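Here's the structure, in structure tokens; my notes come after.
From a predicted model like this one, the values you see are computed outputs, not experimental measurements.
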Amino acid sequence: MDSSLGTLITTTITVSTPPQFGFWRTVYSHGWCALPPFRVDKKEETLDCVFSLSDGTLAVASLRSLGQDKISATITSQSPFSAPRKKELTQLVRSILRLDEDFSDFYRHVSRYPDYRWICRMRVGRLLRAPTVFEDVVKMMCTTNCSWALTTTMVNNLTSLLGPAADAGLHGFPAAASIAGQTDAFIRKYLRAGYRAPYLLELSDRVASGKLDLESWRTSAASTEELFRQVRGVKGIGEYAAGNILKLLGRYDYLGLDSWVRGKYSEKYHSGRRVSDTTIERRYREHGQWRGLIIWLEMTRDWFTKKFPF
DNA sequence: GCGTCCAGGTCTACC
DNA sequence: GGTAGACCTGGACGC
């Protein structure tokens with residue numbers, strides 16, 4: 001459906017979803033929805049995102065739930081949104097919401113545990129991800145060793161200062177070359193990335209020069225252990241960050257513990273008393289390839305009781 | 001308003 | 001292989 005709006009054209013695409021898909025449960029599956037180019041519009045009840053298409057078009061899309069088996073993506077553009085662009089955007093929407101990932105084994109596994117049957121009932125587990133692995137890795141690097149407020153500052157600065165300008169005052173996520181073209185001093189001073197600056201520069205340079213193909217990680221046939229080693233090979237990505245990047249690649253074997261998860265875990269199981277990582281790992285060991293997803297869902301269970309948990 | 005302390009992951013040097 | 005210290009920012013706290 002296309003309709004003219006002055007010089008702007010509005011295009012709406014309908015995307016089918018798996019049965020019982022929870023749009024807001026996926027949007028709020030972790031903190032990404034609060035980091036640009038994502039933006040939650042609570043009044044309009046949309047998730048707005050900026051997508052960079054392969055032909056260079058920058059598309060601002062508003063995603064909205066149309067019930068349990070459909071969502072819509074509304075794009076406002078200055079030129080007609082062609083069929084190939086619609087197809088590419090549909091694929092990107094499916095990818096960020098993880099609509100094509102098969103969770104049937106996961107739900108079969110958790111349904112064997114009375115304490116986890118709610119996971120199966122609510123059909124949760126799809127973790128929101130960025131359109132590109134590069135964006136996910138950069139953002140994950142910006143979550144390390146700092147408060148969430150500082151993560152937000154770094155990602156806001158990255159997009160507003162280096163990202164391409166889109167409609168509605170939004171910016172897309174910067175391409176690797178845009179970051180690689182900056183100086184260490186700029187990244188420290190204006191992005192507030194501090195000591196992460198050389199790590200961001202090295203990563204962006206390797207990606208921009210084609211020496212590192214991050215996008216291939218999503219379809220890699222390598223074992224999870226091997227992929228973990230590759231992810232850890234990026235400077236600035238340690239155990240925590242690598243474990244969580246793997247979750248966004250559809251591999252859930254690593255817990256990806258940080259201070260927040262450790263705190264939630266100790267509150268839930270040890271009355272707030274600190275426990276070792278080994279103790280936490282022991283509890284989830286029996287869940288094998290799903291342990292990383294189970295611990296995350298368990299620690300964020302209260303988020304699923306509200307449409308907008310934060 | 002200013003100075004000090006601390007929390008937050010990762011890397012590197014050292015044992 | 002394990003450990004200590006440095007890295008940098010922002011918030012909390014005391015003065």
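- Cluster partners of A:Leu150, using a side-chain heavy-atom cutoff of under 4.5 Å among ILVMFWY residues and allowing indirect links, are A:Met154.
- The closest donor-acceptor contact from the side chain of A:Trp296 to the backbone of A:Ser29 lies under 3.5 Å.
- Of all nucleotides in DNA chain C having an atom under 4.0 Å from a heavy atom of chain A, the first and last in 5' to 3' order are C:dC7 to C:dG10.
- In terms of modelled atom types and a separation under 3.5 Å, the side chain of A:Arg218 and the main chain of A:Leu249 share no donor-acceptor contact.
- Here the rule is side-chain contact (heavy atoms from CB on, under 4.5 Å) with A:Tyr116, and of A:His109, A:His287, A:Arg121 only A:His287 fits it.
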Using a 4.0 Å heavy-atom cut-off to protein, can you give one letter per nucleotide of nucleotides 8-15 of chain B, 5' to 3': B if the base is in contact, S if only the sugar-phosphate is, - if neither?
BBSSS---
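- Remark: side-chain polar atoms of A:Arg85 are not paired, donor with acceptor, to backbone N or O of A:Asp55 under 3.5 angstrom.
- No donor-acceptor pair closer than 3.5 Å links the side chain of A:Asp184 to the backbone N or O of A:Ala197.
- Taken together through direct or relayed side-chain contacts under 4.5 Å among Ile, Leu, Val, Met, Phe, Trp and Tyr, A:Val60 and A:Val93 form parts of separate hydrophobic clusters.
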